[in-house]
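Taking it in order: structure first as structure tokens, then the write-up.
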Amino acid sequence: MEKRINIQTAEPQAFKAMLGLEGYLSKVSISKTLKELIKIRSSQLNNCAFCINMHAKDALANGETQQRIFLLSAWREAPDLYTAREQVALEMTEEITLIHQQGLRTETYQRALKHFTENEIAQLIMAVVTINSWNRIALSTHLPVED
């Protein structure tokens, strides 16, 4: 791939704003495990190799199992590996990431209310929105996959 701009050096204030979202997400009540599943799943849907690689490594370092990471793209086919909370969050992740298809469906939102508080739902939405933004930055600037 051709070398492209580095957002961090070209527009440091924009990059700082993105880091501000990450700072916010580091303090929310949803678990790091769930946040990493969201990041990996959204990155899979967006075909962002840089972010899949980064967040799979982060998830492993946080204690996630290889099996759950390997099967994440097929989570519906392996429901025993993911909690009901995780399944709802993954469904939200897919619907928000693929917002142009149908958006966050009422049925999904109603299921989320059974497992999460309104604040946690807001946190989930912000986690999905943030990783989608990072995916778009990485893909647009051709960030290479790191070892």
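For the pair T93 and K39, the minimum side-chain heavy-atom distance is 4.5 Å or more. In this structure the side chain of Y82 reaches within 4.5 angstrom of the side chain of L71, judged on heavy atoms. Contact of the R76 side chain with the L90 side chain is not registered, since no non-hydrogen atoms from C-beta on lie closer than 4.5 Å. With contacts defined as side-chain heavy-atom distances shorter than 4.5 Å, the pair N46/R136 qualifies. Side-chain atoms of L81 and E86, non-hydrogen and from C-beta on, never get closer than 4.5 Å to each other. Side-chain contact between Q13 and K16 is present, with at least one heavy-atom pair separated by less than 4.5 Å. The shortest side-chain heavy-atom distance between E107 and R111 falls under the 4.5 Å cut-off.
Atom CD1 of I121 sits about 4.5 Å away from atom OH of Y109, to the nearest 0.5 Å. Note that the OG1 atom of T33 and the CD1 atom of I38 stand 11.0 Å from one another [nearest 0.5 Å]. Atom NZ in K57 sits 12.0 Å away from atom CD1 in I69 (nearest 0.5 Å). Atoms CD and CZ, on E120 and F116 in that order, are 6.5 Å from each other to the nearest 0.5 Å. Distance check: N135 CG to T130 OG1 gives 11.0 Å after rounding to the nearest 0.5 Å. With values rounded to the nearest 0.5 angstrom, R41 atom CZ is found 9.0 Å from I52 atom CD1.
Enclosure of atom CD in Q102 by more than 12 non-hydrogen atoms of other residues, nucleotides or ligands within 6.0 angstrom is indicated. E77 CD: 12 or fewer foreign heavy atoms inside a 6.0 Å radius. Residue-environment remark: CD (E22) exceeds the threshold of 12 foreign heavy atoms within 6.0 Å.
Cluster annotation: I131 is connected to L104 through the hydrophobic network of ILVMFWY side chains, with a link wherever side-chain heavy atoms come within less than 4.5 Å. Note on W134: it does not cluster hydrophobically with F50, by side-chain heavy-atom contacts below 4.5 Å among ILVMFWY residues. Under the 4.5 Å side-chain contact rule for hydrophobic residues, M54 and V145 do not share a cluster. Under the 4.5 Å side-chain heavy-atom criterion for grouping Ile, Leu, Val, Met, Phe, Trp and Tyr, L98 is not connected to V128 through any hydrophobic cluster. Two different hydrophobic clusters hold L72 and F70 under the rule that ILVMFWY side chains link at heavy-atom gaps under 4.5 Å.
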Open item on the list: Between H55 and L37, is the side-chain contact (heavy atoms from CB on, under 4.5 Å) condition met? List the steps.
Closed with: CA-CA 8 Å; H55 295 296; L37 291 175; over 6 Å; no
- [ ] Take E36 and K32 through the test salt bridge (Lys or Arg N to Asp or Glu O under 4.0 Å) and record every step on the way to the result.
- [x] CA-CA 6 Å; E36 290 302 333; K32 181 157 177 59; 3.1 Å; yes
- [ ] Test L124 against I96 for side-chain contact (heavy atoms from CB on, under 4.5 Å), laying out the working first.
- [x] CA-CA 10 Å; L124 291 168; I96 295 167; over 6 Å; no
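Here the side chain of H142 pairs a donor or acceptor atom with the backbone of E2 at under 3.5 angstrom. When atom types are taken as modelled, the side chain of N62 and the backbone of E64 share no donor-acceptor pair closer than 3.5 angstrom. Formation of a donor-acceptor pair under 3.5 Å by the N53 side chain with backbone atoms of E146 is found in this model.
Contact between S42 and T97 at its shortest, heavy atoms only, is OG-OG1, 3.1 Å. Smallest separation of non-hydrogen atoms from I125 and M92: CG1-CE, 4.0 Å. Residue S26 comes nearest to K35 through the heavy atom pair CA-NZ, 3.9 Å, listed as atom of the first residue, atom of the second, then distance. When all heavy atoms are compared, the tightest approach of L139 to C48 is CD2-CA, 4.0 Å. Annotation for W75 and Q87: closest pair CH2-O, 3.5 Å, computed over non-hydrogen atoms. Closest approach of S133 and M18 over heavy atoms only: CB-CE, 3.5 Å.
At a cut-off of 3.5 Å, with distance as the only test, a side-chain donor of T108 or E95 sits close to an acceptor on the other residue.
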